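Since the structure comes first, as structure tokens, the remarks are kept for the end.
From a predicted model like this one, the values you see are computed outputs, not experimental measurements.
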Amino acid sequence: MRKILKYILLDILRNKIVLAYTLFLLAITFTVFGLEDSTQKGLLSLLNLILFIVPLVCIIFATIYIYNSAEFIELLVSQPLKRKNIWLSLFGGLAGALSFAFIIGAGLPVLFFERSATGLMMVLMGVLISVIFVAIAMLAAVSTRDKAKGIGLAILLWLYFSLMFDGLVLFILFQFADYPLERLMVGISALNPVDLARILILLKMDVSALMGYTGAIFKDFFGTDKGSFISVLVMLLWIFLPFMYSLRKFKRKDL
């Protein structure tokens with residue numbers, strides 16, 4: 001398993017797309033901090049870019065990589081290797097390489113300009129988001145043999161988490177504006193790892209006052225040590241559940 005993991009990890013790190021992704025993050029991070037007159041404004045500007053670009057790159061790259069590695073996976077399956085170890089190696093290689101690319105491209109510059117709990121939270125959320133969308137990509141790839149359908153499904157999932165989810169939440173808030181839904185929003189936010197990451201970072205930046213009464217509710221829950229622990233636990237579940245479901249499908253799949 002270690003040899004497979006090492007091979008996949010080195011193969012991905014040498015990939016031109018991953019190198020371009022790292023350089024792009026590096027360039028945009030230094031540009032944002034260079035243009036803003038304070039690091040807090042720089043973090044705010046960088047926040048939406050990270051939460052928009054990182055999931056997109058991770059889910060599409062991981063999905064395409066799984067499909068392009070179909071022959072390699074079939075070769076591994078024909079060997080006396082457990083399918084669980086093969087799938088874990090693929091996941092570890094993809095998640096490790098893309099997380100490393102994020103840390104080099106955005107994590108280190110963020111910590112260089114903002115060595116604080118806020119900067120550390122942004123780096124942590126970026127890494128978790130990278131791993132979560134790799135897990136979701138693997139589930140999308142193993143769900144269908146058709147490469148076009150698999151990539152299409154991955155893009156739809158990204159659209160849902162990054163754009164459509166917020167629209168649905170706003171629709172619910174407008175339709176049930178007469179009811180106290182603020183506390184319910186805390187639970188609903190757990191259904192989207194991107195929104196959860198955004199809330200945790202904004203609360204660390206102490207701009208929850210801009211979110212009104214709902215922001216106060218979020219601060220009461222997510223701003224506590226217990227709330228932060230539960231939030232990180234939910235993020236870890238977003239890694240564990242899609243990966244385990246994809247592993248189950250991979251074990252049963254007829255290659």
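Across all their heavy atoms, Phe30 and Pro109 have their closest contact at CE1-CG, 3.9 Å. Smallest separation of non-hydrogen atoms from Phe161 and Leu191: CE2-O, 3.9 Å. Closest approach of Val18 to Ala101, counting heavy atoms only: CG1-CB, 4.0 Å. When every heavy atom of Gly42 is checked against every heavy atom of Val32, the shortest pair comes out as O-CG1, 3.3 Å. Contact between Leu46 and Thr29 at its shortest, heavy atoms only, is CD2-CG2, 3.8 Å. The shortest heavy-atom contact between Arg83 and Leu247 is O-CD1, 4.4 Å.
Taking the ring centroids of Trp238 and Phe133, they lie at or beyond the 6.0 Å cut-off. Centroid-to-centroid, the aromatic rings of Tyr7 and Phe72 come within less than 6.0 Å.
Rounding to the nearest 0.5 Å gives a distance of 5.5 Å between CD1 of Ile136 and CD1 of Ile59. Interatomic distance, CD1 of Ile53 versus CG of Leu51, reported as 10.0 Å (0.5 Å rounding). The distance from the CG atom of Leu139 to the CG atom of Leu153 is 7.5 Å, given to the nearest 0.5 Å. Here OG of Ser69 is found 11.0 Å from CD of Glu74. Values are rounded to the nearest 0.5 Å. Interatomic distance, CG of Leu98 versus CG of Leu9, reported as 10.0 Å (0.5 Å rounding). Rounding to the nearest 0.5 Å gives a distance of 12.0 Å between CD1 of Ile66 and CD1 of Ile151.
Proximity of Leu156 to Met164: side-chain heavy atoms (C-beta onward) are nowhere separated by under 4.5 Å. Counting heavy atoms from C-beta on, the side chains of Leu88 and Phe243 come closer than 4.5 Å. The shortest side-chain heavy-atom distance between Tyr21 and Phe61 does not fall under the 4.5 Å cut-off. Using a 4.5 Å heavy-atom cutoff, the side chains of Leu124 and Leu120 are not in contact. For the pair Ile129/Met235, a side-chain contact is recorded, criterion being any heavy-atom separation below 4.5 Å from C-beta on. A heavy-atom distance below 4.5 Å is found between the side chains of Ile4 and Leu76. Residues Met138 and Trp87 are in side-chain contact: their nearest non-hydrogen atoms beyond the backbone lie under 4.5 Å apart.
Judged by distance alone, the side chain of Ser99 and the main-chain N or O of Gly96 form no donor-acceptor pair under 3.5 Å.
Within a 6.0 Å sphere centred on CZ of Phe100, heavy atoms belonging to other residues, nucleotides or ligands number 12 at most. Taking a 6.0 Å sphere around OH of Tyr67, one finds it holds more than 12 heavy atoms contributed by other residues, nucleotides or ligands. Counting heavy atoms of neighbouring residues, nucleotides and ligands inside a 6.0 Å radius, atom CD of Glu71 does not exceed 12 of them.
In this structure, Tyr160 and Phe165 have perpendicular ring planes: the angle between them is above 60°, well past the 30° mark.
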